[in-house]
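On a predicted model such as this, the values are computed, not experimentally measured, just so you know.
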Amino acid sequence: MKSLFGRQFSLYAIVIIFGFALLGSTFMYQVNVFSEKEKQTQLDKVVTRAAQQTQDYLIYTKMWNSIEYNLAYMRNMQQLAQDLDGIIFVADRDGNLMFVAREDGCFQQTGGVMPKEATDILLDTGSYYVQMSKFYDWLSTACHIQGVTVKNAVSNGVDGMVFAAAPPNNVLYFNLSRTFLLIIMIVLLLTLIV
């Protein structure tokens, strides 16, 4: 009798594990697709707002150089970086780095030059998006990266460029994997009891 029970339990366990593995992989794929779209939408909103604020900043600093406006711009860029949980790079039209905004602050930069490959793509096409990259080794980990040009309000030419980098949602995948393993163990335990 025990061998019959053992065979049936093994058969049920294999079917349940296979079913949950199939269900889990399908679910993880859908979550991954959703997460990618959500991250791209978030990046798009952040770089659009950062480009608009940079356009305003460039206009107002040409008219008058106000320390208060400079600090307000830097606070706004820092807030955008915090909302994104990432980094924002602001450069002039030649790719010379002007600002780097992170969660811990926004800093003026001099002497740095954005990667030529990225600036060339951005200037040629008007936009730049890479799903996962270290941004030509500017970043320590692979991130989602998006860039836009900053248009001149009068001539509609390019005054600058903004790149934003956001890390992937690895915590979400870890929690989902752990939840699926827990569900499989509970179902197997209930199958064993019943």
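Nearest heavy-atom pair, Leu122 versus Tyr128, reported as atom, atom and distance to 0.1 Å: CD1-N, 3.9 Å. Scanning all heavy atoms of the two residues, the minimum distance from Met74 to Cys106 falls at CE-O, 2.8 Å. Across all non-hydrogen atoms, the minimal contact from Met77 to Val90 is CE-CG2, 3.5 Å. Heavy-atom minimum distance, Pro168 versus Ala142: CD-O, 3.6 Å. Residues Met114 and Ala91 approach most closely at CG-CB, 3.6 Å, considering heavy atoms.
Checked against ring pair (Phe, Tyr, Trp, His ring centres under 6.0 Å), Tyr69 has the following partners two or more places apart in sequence or in another chain: Tyr60. Judged as a ring pair (Phe, Tyr, Trp, His ring centres under 6.0 Å), and not counting sequence neighbours, the contacts of Tyr73 are Tyr57, Phe99. Remark: Asp124 pairs with no residue by the side chain to side chain donor-acceptor pair (under 3.5 Å) rule, at least two apart or across chains. Legend: residues meeting side chain to side chain donor-acceptor pair (under 3.5 Å) with Lys116, ordered by chain and number and at least two apart, are Asp120. Not counting sequence neighbours, Arg75 has no partner by the salt bridge (Lys or Arg N to Asp or Glu O under 4.0 Å) test. Not counting sequence neighbours, the partners of Gln52 by the side chain to side chain contact (heavy atoms under 4.5 Å, CB included) test are Gln55, Asp56. For Ile186, the side chain to side chain contact (heavy atoms under 4.5 Å, CB included) criterion is met by Leu182, Leu190, not counting sequence neighbours. The side chain to side chain donor-acceptor pair (under 3.5 Å) test applied to Asp94 returns no partner, not counting sequence neighbours.
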Validation: residues 79-86 side-chain donor-acceptor distances under 3.5 Å, sequence neighbours left out:
{"from": "Gln79", "atom 1": "NE2", "to": "Asp83", "atom 2": "OD1", "distance (Å)": "2.9"}
{"from": "Gln82", "atom 1": "NE2", "to": "Glu103", "atom 2": "O", "distance (Å)": "3.0"}

Side-chain atoms of residues 43-51: list all donor-acceptor pairs with protein atoms under 3.5 Å, sequence neighbours left out, distances to 0.1 Å.
{"from": "Asp44", "atom 1": "OD1", "to": "Gln146", "atom 2": "NE2", "distance (Å)": "3.2"}
{"from": "Thr48", "atom 1": "OG1", "to": "Asp44", "atom 2": "O", "distance (Å)": "2.7"}

Which atom pairs, donor and acceptor, lie under 3.5 Å between side-chain atoms of residues 133-141 and protein residues at least two apart or in another chain?
{"from": "Ser133", "atom 1": "OG", "to": "Phe135", "atom 2": "N", "distance (Å)": "2.8"}

Q | Test log, rule side chain to side chain contact (heavy atoms under 4.5 Å, CB included), inputs Leu123 and Met161 | A | CA-CA 9 Å; Leu123 292 173; Met161 51 191 77; 3.8 Å; yes
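Residues Phe107 and Ile87 do not share a hydrophobic cluster, defined by chaining ILVMFWY side chains whose heavy atoms lie under 4.5 Å apart. In this structure, Val113 is not a member of the same hydrophobic cluster as Met98, with clusters built from ILVMFWY side-chain heavy atoms closer than 4.5 Å.
Atom CD1 of Ile67 has 12 or fewer heavy atoms from other residues, nucleotides or ligands within 6.0 Å. Heavy-atom neighbours of Phe34 CZ from other residues, nucleotides or ligands within 6.0 Å: at or below the threshold of 12.
With rounding to the nearest 0.5 angstrom, the CD1 atom of Ile59 is 11.0 Å from the OG1 atom of Thr54. We find the NZ-CE distance between Lys39 and Met132 to be 9.5 Å, quoted to the nearest 0.5 Å.
The stretch residues 150-161 participates, sequence neighbours left out, in these salt bridge (charged side-chain N to carboxylate O under 4.0 Å, His left out) pairs: Lys62-Asp159, Arg93-Asp159.
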